[in-house]
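See structure below.
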Amino acid sequence: MYPLVVVCFFWLLPLALTLDAHSPLDCVPRKTVPYHRENGRMFSEEGVWNYSTMLLREDLGLLLLGARENIYALDINNIANKKSSVSWKVTEKQQKECTSKGKNQIECQNYIRVLHTMEDGRMYVCGTNAFNPECDYMSYKDGELILENKAEDGKGKCPFDPFQRFSSIMIDKTLYSATSMNFLGSEPVVMRSSPSSIRTEFKSSWLHEPNFISMAQMPESRASLTGDDDKIYLFFTETAVEYDFYSKLVVSRVARVCKGDLGGQRTLQKKWTSFLKARVDCPVLESQLPYVIQDTYRWCEEGDWRSCVFYAVFTSQSDRVDLSAVCAYRVLDIGRVFSEGKYKTPVTVETSFVKWVMYSGDVPSPRPGACINDEARNQGISQTLDLPDRTLQFIRDRPLMDQAVLPMGERPLLVRRGTAFTRIIVHRTQALDGKKYHVMFIGTEGGSVLKAVNYDKEMFIIEEVQLFQPREPIKVLRFSNTTLYAGSEDGAVQMPFSSCGRSRTCVDCVLARDPYCVWDRTTAQCITLSTANTDSELIQSLWAGDFSLCPASDPVKTVNQTVWLGGNVKLQCPPTSNLAETHWVQDSLPLPSSPRHQILRDSLLILNASASDTGRYRCLSLERSHSGKYTTTVAQYQLRVGLEGLPLRPQARTEGPSLAALQVSVAFLAILLAVLLGWNLYKGHLPLPGPCGRVIGAGRRQNQGAPEEGAACNAVAHLDVSEPGEAESKALVSGVGNCTSNNNHSTGEVALGGGEEGESEARVTFPSLQFIDDESDI
Ligand SMILES: *[C@@H]1O[C@H](CO)[C@@H](O)[C@H](O)[C@H]1NC(C)=O
Ligand SMILES: *[C@@H]1O[C@H](CO)[C@@H](O)[C@H](O)[C@H]1NC(C)=O
Ligand SMILES: *[C@@H]1O[C@H](CO)[C@@H](O)[C@H](O)[C@H]1NC(C)=O
Ligand SMILES: *[C@@H]1O[C@H](CO)[C@@H](O)[C@H](O)[C@H]1NC(C)=O
């Protein structure tokens with residue numbers, strides 16, 4: 001039966017992949033914001049790398065940042081402002097020892113990996129320390145970071161290898177960690193360091209080549225009816241033992257241990273008696289290889305652990321699929337698998353080959369892996385040391401649950417093709433309607449952050465903001481109550497939850513459906529809700545994107561454009577959003593794309609112009625929302641086809657934007673020429689002034705290009721909106737910034753599309769509608 005399963009796998013895989021191409025799963029961000037240094041404040045220091053550990057100390061007004069050989073204390077409000085730093089380097093001797101064991105110079109440095117706040121306000125820091133992990137205490141006094149040089153052994157708390165993933169949390173004074181505790185990285189452990197140290201068994205049935213992702217505490221003893229204990233949850237991936245797949249198959253897991261676990265008396269001495277694990281599924285497409293968990297974020301309602309939800313990002317483990325997904329898991333659903341589910345048990349078949357199947361025999365009492373609760377106490381068992389051997393032996397050999405943990409709604413909240421997801425955090429914010437929305441910020445392999453919200457079961461990606469250039473993967477995400485912090489190998493960036501000012505028009509502000517942003521009618525600006533004047537008339541329409549609430553806009557100005565007979569011309573029309581569809585109309589008739597009329601993502605290209613191309617061109621942008629289709633006239637052109645050799649009518653050259661461009665280019669070239677001339681004369685290269693003709697020629701060429709540039713400027717400068725059936729309209733955008741160059745990076749303007757022509761064309765329909773089966777408003 002098993003070979004059959006494997007065959008099915010492969011037979012179904014291509015099928016799944018083809019289905020996938022047409023599935024509505026792929027969400028597209030409404031806007032793509034290219035890299036710009038004003039997207040966020042950046043911190044990085046010359047010669048320092050790997051800014052991947054962060055600790056937020058709101059009490060001190062600090063963001064602590066751990067990098068290679070350095071720890072920084074940065075101003076929480078402006079991380080470019082370094083308050084203090086401390087360096088922690090390896091000694092020459094340590095480095096020599098490390099390199100002599102075959103590691104390279106770069107690896108044999110001290111990568112700061114652990115940063116936790118202690119009960120007493122100090123911090124606990126660990127670094128890889130040239131494959132010899134060490135921990136220390138650190139405090140911040142009188143504006144200075146101070147390391148105490150305690151040099152505690154960091155084995156099992158911090159990885160040896162800086163490239164290895166690990167996880168740890170500090171609860172009160174106790175560190176829980178999941179990492180490898182030897183040089184080779186072959187002894188993975190989940191351990192509690194003090195007061196009574198305890199860890200996992202070195203057995204592949206417990207941890208099999210794991211990659212540790214994240215840990216979280218759940219205060220489950222609080223108001224527990226069964227006298228339950230607090231628990232620590234751990235997410236990780238490991239090589240599956242339960243499938244016989246011909247190659248290694250990675251599965252995602254959640255494990256948990258009880259806080260009060262002291263280990264067993266004889267069996268499982270100083271080992272967890274409560275280590276249970278289960279598979280975590282994020283079913284992106286059935287019959288595909290399981291998706292691999294990359295990060296989680298625990299979100300809880302204040303003071304109620306039962307409300308806690310783990311948001312997790314997953315990526316595909318197949319090279320052929322570039323899908324990433326977000327799945328959300330209720331802690332109650334995870335708990336139920338552990339407390340009520342069946343166990344898996346290994347059975348040896350024929351040739352000493354081990355298969356894991358559901359255990360259907362008797363389960364001893366107290367239930368293996370359960371925390372000490374009232375039921376156990378009634379049996380006279382008040383601590384794990386009292387547990388009977390039968391229970392302990394059972395759990396030692398069967399830590400894996402049979403049932404897998406399924407996400408809320410049994411499907412992902414969000415699926416996206418392209419750049420892989422790396423990290424996630426979730427922030428809840430109150431919108432103008434008084435409702436609270438969960439906003440997901442997702443870091444990617446390409447150094448961008450996606451911002452997504454679920455509006456009444458419909459997933460909407462508001463924007464994708466490029467934070468790092470070059471495109472380094474986001475390695476850590478944190479937030480304070482107003483700001484997002486992201487770290488990569490190259491630096492750390494601080495970004496506000498929203499930059500509402502990027503929307504220049506009311507319509508764009510409303511269609512953005514950003515819970516942090518509102519349109520203020522009084523000042524005619526898109527502003528952050530929390531800073532809005534409550535007396536102002538504010539517009540926000542999150543679910544419907546109802547843009548009819550917006551005031552009418554001015555009509556767009558017509559740009560005169562001339563092209564020679566047989567010449568080429570490009571009419572600019574920057575798209576207003578990735579979800580908008582662009583149409584061209586010539587003299588009120590739709591203009592289809594043809595070899596001579598090429599409709600590009602941001603313009604119309606007319607090749608080999610003929611007399612019939614004379615006319616009035618309008619570029620329309622169509623964007624849908626729940627309250628209808630909105631058509632915007634983005635640009636309007638009056639095109640004239642001139643005969644070469646005949647002089648153009650004077651106004652075509654003396655009026656409009658071409659004149660200014662001509663003047664600027666002539667002035668620029670004149671200055672350039674003067675400088676060149678001066679330099680050449682100075683250097684003695686040129687005995688006589690000469691190349692004026694060439695300059696004038698260049699000026700003419702510039703002249704031909706000028707109307708196009710002016711058109712681009714105008715298209716943005718007079719972006720206007722007209723609703724179907726409504727005549728009146730008004731200018732909504734003043735795009736001054738875009739006029740000087742087509743390079744949006746220099747102005748902080750939002751550029752859209754970015755994708756190849758045609759790629760986004762098909763994506764007019766709304767992104768996937770994902771459902772979750774409860775009523776929560778993620
Ligand atoms: C540290 O950063 C450098 C530079 O980006 C990178 O090449 C290297 O892989 C990073 N090292 C680790 C351990 O992440
Ligand atoms: C953010 O938190 C700080 C304290 O941590 C508080 O003083 C401030 O008012 C908060 N700001 C907002 C917008 O909630
Ligand atoms: C341009 O169009 C004319 C007819 O309008 C045609 O004769 C000529 O071959 C075309 N030129 C090119 C390069 O396609
Ligand atoms: C465009 O040309 C028309 C006449 O053909 C003229 O009335 C109008 O003012 C011109 N517009 C601009 C912006 O130059």
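Note that ligands are numbered from 1 as they come in the structure, with each ligand's atoms numbered from 1 the same way.
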| request: Assign the ring pair Tyr233 / Phe310 to parallel, tilted or perpendicular, where the plane angle (0 to 90°) is split at 30° and 60°. | output: tilted

| query | Would Lys31 and Glu464 pass as an ion pair if we require N to O under 4.0 Å? | reply | no

| request: Run the numbers for me: atoms of ligand 1, each under 4.0 Å from some heavy atom of Trp49, listed by number. | output: 2 (O), 4 (C)

| task | May I ask you to list the atoms of ligand 1 that are less than 4.0 angstrom from any heavy atom of Pro162? | result | 13 (C)

| field | Heteroatom proximity flag, Tyr111 to ligand 1, N/O under 3.5 Å | value | no

| task | Evaluate the ring planes of Trp584 and Tyr617, with Trp represented by its six-membered ring, and classify them as parallel (under 30°), tilted (30 to 60°) or perpendicular (over 60°). | result | perpendicular

| task | Test Cys158 against Cys126 for disulfide bond (SG atoms under 2.5 Å apart), laying out the working first. | result | CA-CA 6 Å; Cys158 176; Cys126 306; 5.4 Å; no

| message | Which residues pass the disulfide bond (SG atoms under 2.5 Å apart) test with Cys282, not counting sequence neighbours? | response | Cys327

| remark: Taken in chain and number order and not counting sequence neighbours, the residues that satisfy side chain to side chain contact (heavy atoms under 4.5 Å, CB included) with Val563 are Val569, Ala609, Leu639, Val641

| With sequence neighbours excluded, residues passing side chain to side chain contact (heavy atoms under 4.5 Å, CB included) with Met54 | Leu63, Leu65, Val476, Arg478, Tyr485, Ala492

| field | Those protein residues which place at least one heavy atom below 4.0 Å from ligand 3 | value | Asn608

